[in-house]
Amino acid sequence: MSDLHVVGVHGIRQRDTNAIKLAEDWNQALAEGIALHLGSAVAAPAVTTPYYGNVFPKGRLQLGDEEETGDLDRADEKEIELLVEALEEHTPPSPSEQPTAGTLGVPPRVSPRVTRALARIDRKFGPRAGKMVLSRLSEAYGYFSSKPKYDGMAETVRERVRKALHQTGATLIIAHSLGSVVIYDMFQRGEIPLPADGGVSQLITCGSPLAWLPVQRELDVRVPEKLHLPSDVDWLNVFDPYDPVTAGTGLAAVAPGVTDVAVDNHDDPHASGRYLEQQAVAFAVHAHTSKI
């Protein structure tokens, strides 16, 4: 297994780390998962994690104690439209829903639809889950935005991933959270080398928000096409039903070629390290190694 090289594409909220620490964390988590599920004699592959946590400015669509507050109520119309649509797609309102005070820390002038949506997410996934989803939406918006503020940032992210793939010759990608959106976008753009050219033949996504229709629309996915990768790329999606970023669901309903595996990440359902330690990930990495 040690001959295999993996490229890991992280999600957002990585501004407090750096490329070296991020790589150490991912390598350690994957190695621990492989040792746990396959035995300590099985060598773990090296993981390269192109770091882009310093590319995007801190998102505006955020709330709460340790984050900047007060900007959400000044978001422009397009931001609010995307936000409301995404939140209501994530956890749809019920016909009998009553107005609510919402989630702690919401600025008082925020749209009531946003407040109600955040409160629904909190009720379904636990306290502060709405805030977590909101912060993830912030950088997703930044990735897709054509605003001057974000000019060139998405291309910078993709270039860092392309460079890592070229330098390592990796045939396996593991993508977490927003990283799965970046990688899917790159596949659709033809920026990922394919198996016929000795390129990527396996994708593992973890904690992915790709099931959200607003995200799919930004990726220019049209029903009934749904989500798809090239036919010679195997796609495993690992999700925790209590992970609010996935809306508690896999991708099989919107991506016919994907294999979904539900896991239990215990008290930190969206954590990349918890996903990397899962049996499904260890087995998929091992199976991929046996093919090359």
Side-chain angles (χ1 to χ4, degrees), residues 1-34 43-56 136 139-140 142-144 150 152-210 219 229-230 232-238 271-273 275-277 281-282 284-289 291-292:
M1 183 177 293
S2 58
D3 292 336
L4 173 67
H5 206 107
V6 177
V7 164
V9 184
H10 66 81
I12 71 168
R13 303 298 300 279
Q14 301 294 332
R15 298 181 187 85
D16 296 330
T17 186
N18 55 55
I20 295 174
K21 180 65 166 60
L22 185 70
E24 289 176 350
D25 291 344
W26 276 54
N27 275 279
Q28 180 178 344
L30 185 60
E32 289 178 353
I34 287 170
V47 183
T48 294
T49 53
Y51 178 66
Y52 65 87
N54 56 352
V55 173
F56 292 105
R136 270 62 182 177
E139 283 193 18
Y143 180 78
F144 292 121
Y150 298 105
M153 293 180 183
E155 172 56 29
T156 298
V157 173
R158 294 194 297 270
E159 174 56 31
R160 293 183 184 184
V161 176
R162 286 196 299 267
K163 182 178 179 180
L165 290 170
H166 175 73
Q167 290 179 338
T168 63
T171 57
L172 169 61
I173 296 174
I174 302 176
H176 175 247
S177 195
L178 178 64
S180 67
V181 177
V182 172
I183 289 299
Y184 185 85
D185 188 27
M186 291 180 68
F187 268 112
Q188 302 313 300
R189 292 170 178 269
E191 296 178 353
I192 303 288
L194 297 178
D197 301 314
V200 175
S201 58
Q202 170 84 59
L203 172 64
I204 301 173
T205 50
C206 305
S208 174
L210 280 168
L219 288 166
L229 294 182
D232 49 358
V233 177
D234 294 327
W235 186 357
L236 170 69
N237 179 62
V238 185
S272 57
Y275 276 117
L276 291 168
E277 294 169 358
V281 174
V285 172
H286 182 64
H288 182 77
T289 305
K291 297 178 183 178
I292 62 175

Quiz item: Checking side chain to side chain contact (heavy atoms under 4.5 Å, CB included) for the pair Leu203/Leu229: CA distance, chi angles, key distance, verdict?
Solution: CA-CA 9 Å; Leu203 172 64; Leu229 294 182; 3.6 Å; yes
Self-check item: Side chain to side chain, Cys206 and Ser272, heavy atoms closer than 4.5 Å
Solution: no
Quiz item: Below 4.5 Å, heavy atoms only, C-beta onward: do Leu276 and Trp26 meet side chain to side chain?
Solution: yes
Quiz item: Within a strict 4.5 Å, meaning less than it, do heavy atoms of the Gln202 and Leu236 side chains meet?
Solution: yes
Quiz item: Heavy-atom distance under 4.5 Å between the side chains of Pro45 and Thr289, does that happen here?
Solution: no
Quiz item: Do Glu24 and Lys21 meet the salt-bridge criterion of a basic N to acidic O distance under 4.0 Å?
Solution: no
Quiz item: Could you give the distance from OG1 (Thr49) to CD1 (Ile174), rounded to the nearest 0.5 Å?
Solution: 11.0 Å
Quiz item: Do the non-hydrogen side-chain atoms of Val7 and Val200 ever get within less than 4.5 Å of each other?
Solution: no
Exercise. Would you check if the side chain of Asp197 reaches a backbone N or O of Gly199 as a donor-acceptor pair within less than 3.5 Å?
Key: no
Quiz item: Among all residues two or more places apart in sequence or in another chain, which pass the side chain to side chain donor-acceptor pair (under 3.5 Å) test with Tyr275?
Solution: Asp243
Self-check item: Close side-chain approach of Val281 to Val238, heavy-atom, < 4.5 Å
Solution: yes
Quiz item: Can you name the closest pair of heavy atoms from Ala23 and Val47 and give their distance?
Solution: CB-O, 4.4 Å
Quiz prompt | Ser208-Ser180 side chain donor-acceptor pair, cut-off 3.5 Å | solution = yes
Quiz item: Is there side-chain contact between Leu219 and Gln188, with heavy atoms separated by less than 4.5 Å?
Solution: no
Quiz item: With no hydrogens and no angle check, do the side chains of Thr171 and His288 hold a donor and an acceptor under 3.5 Å apart?
Solution: yes
Quiz prompt | Point-to-point distance, once rounded to the nearest 0.5 Å, from CD of Glu155 to CD of Glu191 | solution = 6.0 Å
Quiz prompt | Inter-residue atom distance Leu22.CG - Thr48.OG1, 0.5 Å rounding | solution = 11.0 Å
Practice problem: Search all heavy atoms of Asp232 against all heavy atoms of Ala196 and return the closest pair with its distance. | Solution: OD2-N, 4.4 Å
Quiz item: Any side-chain donor paired with an acceptor under 3.5 Å for Arg158 and Tyr143?
Solution: yes
Quiz item: In Å and rounded to the nearest 0.5 Å, what is the OG to CG distance from Ser201 to Leu194?
Solution: 10.0 Å
Quiz item: Do you know the tightest heavy-atom contact between Gly33 and Ala282?
Solution: O-CB, 3.8 Å
Practice problem: Please report the C-alpha distance between Val161 and Ile173 in whole Å, then the side-chain angles of each, then the deciding distance to 0.1 Å, and finally whether the side chain to side chain contact (heavy atoms under 4.5 Å, CB included) criterion is met. | Solution: CA-CA 10 Å; Val161 176; Ile173 296 174; 5.6 Å; no
Quiz item: Can you tell me how far CD1 of Ile183 sits from CD1 of Ile204, rounded to the nearest 0.5 angstrom?
Solution: 12.5 Å
Practice problem: Could you pull out the closest heavy-atom pair between Ser177 and Pro209, with the gap in Å? | Solution: O-CD, 3.4 Å
Quiz item: Parallel, tilted or perpendicular for Tyr51 and His10, by the 30°/60° rule?
Solution: tilted
Quiz prompt | Heavy-atom side-chain contact between Val157 and Val9 under 4.5 Å | solution = no
Self-check item: For Lys163, salt bridge (charged side-chain N to carboxylate O under 4.0 Å, His left out) partners two or more places apart
Solution: none
